[in-house]
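Shown next, in C-alpha cells, is the structure this report addresses.
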Amino acid sequence: MCGITGYAGGGNAAEQVFEGLKRLEYRGYDSAGMAIIKPSGEVSVVKKQGKVDVLKPYVADMRGAIGMGHTRWATHGKPSDINAHPHFAGGIYVVHNGIIENYAELRQQLQSAGETFISETDSEVIAHLIKLNYGGNLLVALRTTVKMLKGSYALMVIREGEPQIAVAKRRSSLILGYGDGENFCASDRPALAGKCKRVSILEDGDFALITAQKIEIFDENLNPVNRPKIENTLTSEKLDLHGCPHYMLKELREVPQTVKNTYSSFAGIGEKLKEVFKGTKRVIFLGCGTAYHAGLIGKKYFEAFARVPAEAENAGEFRYKNPVITKGTVVFAVTQSGETADTIEAVILAKSLGAKVIAVTNVIHSAISRHADIVVPVSAGAEICVAATKSYAGQIAALYLCALTFAGKDASSKEYKQLDALCPVLENTLKEINVYTLAHMCACSNGVYFLGRGFDYAVALEGSLKLKEVSYIAGEGYPAGELKHGTLALIDGNTVSVVLITDEELASKSVSAVEQVLSRGGKVAVITCLPAVAKALKNKAEVISLPGCNKFLSPLVTAIAVQELAYRTAVILGRDPDKPRNLAKSVTVE
Ligand code: M6R
C-alpha cells in the first residue's frame, strides 16, 4: 500500500518519477505527489488528491535531476491535497510507505517543541524529526529519527541543497536499481521495469544513499554493507496492456501461461520440498482474501491426496487467536505479493511456535521469503490489477503440486500429467466463455449469491469476493447446503444466485439448491462442466457450460468463469476493474 519511487541521474527526474508512480499506482491511488531538487538546490513540490495523472500538468515545469514521489492509499487522514506526500519541514522532504504507530505521541512532543503540523497524517512527524535531528549529515539524522519510530516504513528523504536521496527500510519493501549514470529506488519492481539491469532488495534496518553516480548501502549501524545484485528481468514490455482495455482482462488471459510456468518452475524445488515435509503431521494454510481462498483449495488437496489433517485460516484471525502449533506442523503462507502484513505477522508467530514455513508467492524475493524454509514459486509474472486473477490460478496449481509431492507422487504420475494437460482446456475456456447475459443480470440485481459444494464452494467464495471488489455489488459466497439455514430469506426477484456445479457426486444436491431458489422467485445462473446438469436446467436458469475436467482441477476452470463474470459486470457498470475504490494491491498494514 502506497507506492514510492525515487530517481537520481542525468535525465529529467520529474518525468522518471511520474512514470514510476504510474507503474506503482496499483499500490494506492487516492492522492499523489512529487518533490524534485532544482538545479539551484531548492526543492519544488506538487501534491494533489486523485490518481497519479493529477500530477501530469506539473511534470514539464519541474526541472531537476533528482526527485522522488508517492502514490497514496490513505491510512491516517482522508485523501486530500494536504495529506498527500511529500511531507516537509525545514527543507526536509519525506515520502513514506508504512505506518508510524507512535505518531500521536511524537506529534504531541514535537508540537510542544514548537513544530507546526499541517496534515493529519502519521508520516508528517518524520519530516519534523529529521529536521530537528539534522546536524550536518542527512543519513545520521535519518538513522536517529527511525530509532524513534515504532511501526513500518520504507522512507525516501531529500534535503534542500543536497543532490542525493537517503532511504531507510523496515517491514515495508524497498528496492534499489543500478542504471547507467542514473540510479533508482522504489517500493516494487514494476517501477524499475526496463530501467536498469540489476536491482538490490534492502533488508529490514538497512539505509542507502542514492546519487546519479552510485548507490551506497548501510546496515542499521551505518556500516557499509553489500546486498546481492540480482538481474532485473522485468521489462516494460511485460507491463504493456497488449491491446486489452484493462489489466484485469489481460491478466485473466494469462491464466493458462501462469499454470504452465508454475508447473515448470515447480520441477526445480520438488526434492527440497520433500525434505521440508519430513515429519509433517498437520498442515495449515494462511492467507488473506483471494490467497486465503486458494488456501481453502490447498487444504482439500492435502486431505484428499495425502489424508493429512489440514486447515485453512485467514491470516489476520490466526495471529490473534493464540494458535495451537503442534510438533510436525507445516504452515503454508499463500501470498501473491509476499508483502501482506497480516500474513507475514501470522507466519512469524507460527514460526516462533515451531512450525516450518512454506511460502507460496509470486514475488520470490519478497518479505515473506525471508521467513520461509522454502519458497514455492507462483510464476504469474507482474500482476498489476488490484483484483487477483492469474495469481489465484498459479497458487492453486502450486498447491496441487505440493500436495501431490507430499503424497509421494512425482512428474510421472497421472495427476501431474492432468495438470499439464489442462492448459489447452483453460485456453479454450477463455476463448469460448460467454457471460454477457449473466453479467447484465448481475449488474441489474440487488445482490448476487454464489453457491457450491466442495471445491465449488471454495470458488464460490472467490467469485463473490471478485464481484464485490470490482463491481461494488453486494453478495456472499455460501455452501449450497447452507442456503436453507438462513440466506434463503434474502432471495427475491431482484437477486441472482450463481450456482457452481462441477462434481458429479454432489450435483444432485446442488441442483436442489437451484430449485429452492427458483421456487422463491430468485434468478439463477448455473456454471457447470456437467452436460447432464446443463441440459436439465437450461430452461430454468442461465447456464454457463464449461469443458469437463476432473474435480480436483475444476477450480482452475470455474475460476475463469467467475473472474470473467466479475470483470464484465464491472465494465457494464462503468467501474474501473483495475483500481477499485478504497483498495490497493499490496496490503502492508494490519
Ligand atoms: O498479496 P496477497 O496475495 O497476500 O494479497 C492478499 C489479498 O489482499 C488479495 O488477494 C486481495 O484479496 C485481492 N485484491 C482480491 O482480488
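The structure presented is a predicted model; accordingly, all values stated were derived computationally and were not measured. Both backbone and side-chain heavy atoms feed into the values below; hydrogens, waters and symmetry mates do not. When a ligand or atom number is given, it counts from 1 through the structure's own listing order.
- Remark: the Glu339 side chain and the Ser173 side chain contain an N/O donor-acceptor pair separated by less than 3.5 Å.
- Between Asp30 atom CG and Lys51 atom NZ the span is 10.5 Å, to the nearest 0.5 Å.
- Closest approach of Ser369 and Ile364 over heavy atoms only: OG-O, 2.5 Å.
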Pairs under 3.5 angstrom, nitrogen or oxygen on both sides, ligand 1 versus protein: list them out, please.
unit_1, atom_1, unit_2, atom_2, d
ligand 1, 1 (O), Ser337, N, 2.9
ligand 1, 1 (O), Ser337, OG, 2.6
ligand 1, 1 (O), Thr340, OG1, 3.4
ligand 1, 3 (O), Gln336, N, 2.7
ligand 1, 4 (O), Thr335, OG1, 2.6
ligand 1, 4 (O), Thr340, OG1, 2.4
ligand 1, 5 (O), Thr340, OG1, 3.4
ligand 1, 10 (O), Thr290, N, 3.2
ligand 1, 12 (O), Thr290, N, 3.3
ligand 1, 14 (N), Val386, O, 2.9
ligand 1, 14 (N), Glu469, OE2, 2.7
ligand 1, 16 (O), Thr290, OG1, 3.3
ligand 1, 16 (O), Ala388, N, 2.9
ligand 1, 16 (O), Lys466, NZ, 2.8
ligand 1, 16 (O), Glu469, OE1, 2.6
ligand 1, 16 (O), Glu469, OE2, 3.3

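- In this structure, the ring of Phe285 has its center less than 6.0 angstrom from the ring center of Phe302.
- Thr71 and Lys22 are not linked by any side-chain donor-acceptor pair at a separation below 3.5 angstrom, with hydrogens and angles left out of the test.
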(Q) For His246 and Asp576: C-alpha separation, side-chain torsions, deciding distance, then whether side chain to side chain contact (heavy atoms under 4.5 Å, CB included) applies. (A) CA-CA 8 Å; His246 298 102; Asp576 178 352; 4.2 Å; yes
